[in-house]
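What follows is a short report on a single structure.
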There are 2 protein chains.
Amino acid sequence: MSRASDRAFEAIRSMILSGELPAGAQVVEEALAEKCGVSRTPVRDALRRLESDLLVVRTDTQRSFVADWSLDDVADAFELRSILEAEAARRAADQMTEGALARIRDANRQIADAIMKPVPDVGGFLEGNREFHAVILEVAGSRRLASLLGTLIEQPVVWRTAHHYSREALHRSHSEHDELIAAFARRDGAWAKSIMTSHILRAYHAYADAHGLTAEFQQAAE
Amino acid sequence: MSRASDRAFEAIRSMILSGELPAGAQVVEEALAEKCGVSRTPVRDALRRLESDLLVVRTDTQRSFVADWSLDDVADAFELRSILEAEAARRAADQMTEGALARIRDANRQIADAIMKPVPDVGGFLEGNREFHAVILEVAGSRRLASLLGTLIEQPVVWRTAHHYSREALHRSHSEHDELIAAFARRDGAWAKSIMTSHILRAYHAYADAHGLTAEFQQAAE
DNA sequence: AGAGTGGATAATGTATACAAATAGCTCTGG
DNA sequence: CCAGAGCTATTTGTATACATTATCCACTCT
């Protein structure tokens, strides 16, 4: 990870996720190269990787821009997630081990800690949430499925809008995780699948609500 | 498409799909550069793209190899396909238009032509099959879903082993397509979904059978 | 005034040279 | 004969210069 292209990748990625490079902004190789203190070569490499992570898009004439996901795109991503992860939950319930269950419980404990604070620790929530879902995918067994999903799940849209989730949404998410844990503990695949489906859809609605508000705020500010 | 990196991409891709670069073989930038008549720079670009298409994998120490999909990996890919495309079929049935239906029928007619020949035209079959499924995904409406699936569906494993499918498997596939068309014509989503699920699973079994035979032949030849 | 053309500007594509890292081999010591 | 250290050859990473292509703007011609 000490390679220049890796550093450039991380740097640009965090610029995008933090909003320093806003959605739709053109990304210019040389400007980023200077900013990262490397030459254009590793920056080009990093941009290709960000492109396959769907964080950057290129026009037909090779210009690169920060991906600007439409509401429909996001809806598609959530729908994919709900279909695939529900199936993963079903399989995970069948193959659940005590060790994995413990890791899942730990992840949800981390989420509990994060949301109990006076000011919710959104970073902690997201990290716990990532781990929670990652373990389920891992137990479900499909490595490629897991990596594909990972790309979608950690998309910047979700990341950025998580900060707009309401306190209620965070708590509801936590208690739904508890329900999933119960389903896993009983090895009840059908139950797990059903809960996961509504869990993801609820997350989508929380996103849509938050985004709607954000859009209004932005309009009002102009 | 006249860029050197595009030409390199196509050239290397066809080397892989044709078997000229066999699964598991190391791919060396400079060797390919010379072969393609370009410098290493566009070859590096092409390799990154092939990597995100899952045709090339890299070790932790940056060496690149032609992807060598295990039977389990292929099973995962088929499973993903069955889950996602079944859902797509359900949605496509609800939103089917006459124009799309005509394209689907055309695609299956192309398949019929290909398999009726004295020596089945596998290339024609694959092309018709690609179009058949592409239209369904298109009608289902999710662009990102479609592009993700496209990557998986056209994987080299499937491509290469299609030549080993039995005559019966090709004909069965064609008649299952006819059944799907009937389901679409009736706008019967549940039916379409159910047929699609078994259609994909049957394709997987055909693959597994063909692969098993191939493995035996290879062993016998050594 | 508007459409279209031309050239200046900015951005990306490509080649090449060199640096760094990895893999494979030989040689030594036990 | 095996294990391990060190060297060599191979391969990839990075910087830089130059070529190519796209964009933008001013200018002309109708």
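From a predicted model like this one, the values you see are computed outputs, not experimental measurements. Every chain is numbered from 1 and lettered A, B, ... according to where its sequence line falls, protein lines coming before strand lines.
Counting only distance, with no hydrogens or angles, the side chain of A:T197 and the backbone of A:K193 share a donor-acceptor pair below 3.5 Å. Put simply, the side chain of A:D73 gets close to the backbone of A:S70: a donor and an acceptor are under 3.5 Å apart.
Considering A:L170, A:V122, A:D209, A:I115 in turn, A:L170 is the only one that fulfils the side chain to side chain contact (heavy atoms under 4.5 Å, CB included) rule with A:Y165. No option in A:F184, A:F125, A:F132 other than A:F132 meets the ring pair (Phe, Tyr, Trp, His ring centres under 6.0 Å) test with A:H177.
In this structure, CZ of A:R7 is placed 11 Å from C1' of D:dT14, rounded to the nearest angstrom. Look at CD on A:E30: it is 11 Å from P on C:dA10, rounded to the nearest Å. Atom pair B:R58:CZ and D:dT11:P shows a separation of 15 Å (rounding to whole Å applied). In this entry the distance linking CD of B:E34 with P of D:dT10 reads 14 Å, nearest Å.
Using a cut-off of 4.0 Å between Lys/Arg side-chain N and Asp/Glu carboxylate O, A:E51 and B:R48 are scored as not salt-bridged.
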Below 3.5 Å between N/O atoms, which protein atoms pair up with nucleotides 21-24 of chain D? Just atom names and distances, please.
unit_1: D:dT23; atom_1: OP1; unit_2: A:T61; atom_2: OG1; d: 2.9

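Among the nucleotides D:dG13, C:dG13, D:dA15, the one closest to any side-chain atom of A:V38 is D:dA15.
Counting non-hydrogen atoms of neighbouring residues, nucleotides and ligands closer than 6.0 angstrom, the CD atom of B:E34 reaches no more than 12 such neighbours.
Scanning residues 40-55 of chain B for heavy-atom distances under 4.0 Å to DNA chain D yields B:R40, B:R44, B:R48.
In this structure, a donor-acceptor pair under 3.5 Å is absent between the side chains of A:R44 and B:T41.
For B:Q62, no side-chain nitrogen or oxygen approaches OP1 or OP2 of C:dT22 to under 4.0 Å.
In terms of heavy atoms, B:V66 sits closest to B:P22 at CB-O, 3.4 Å.
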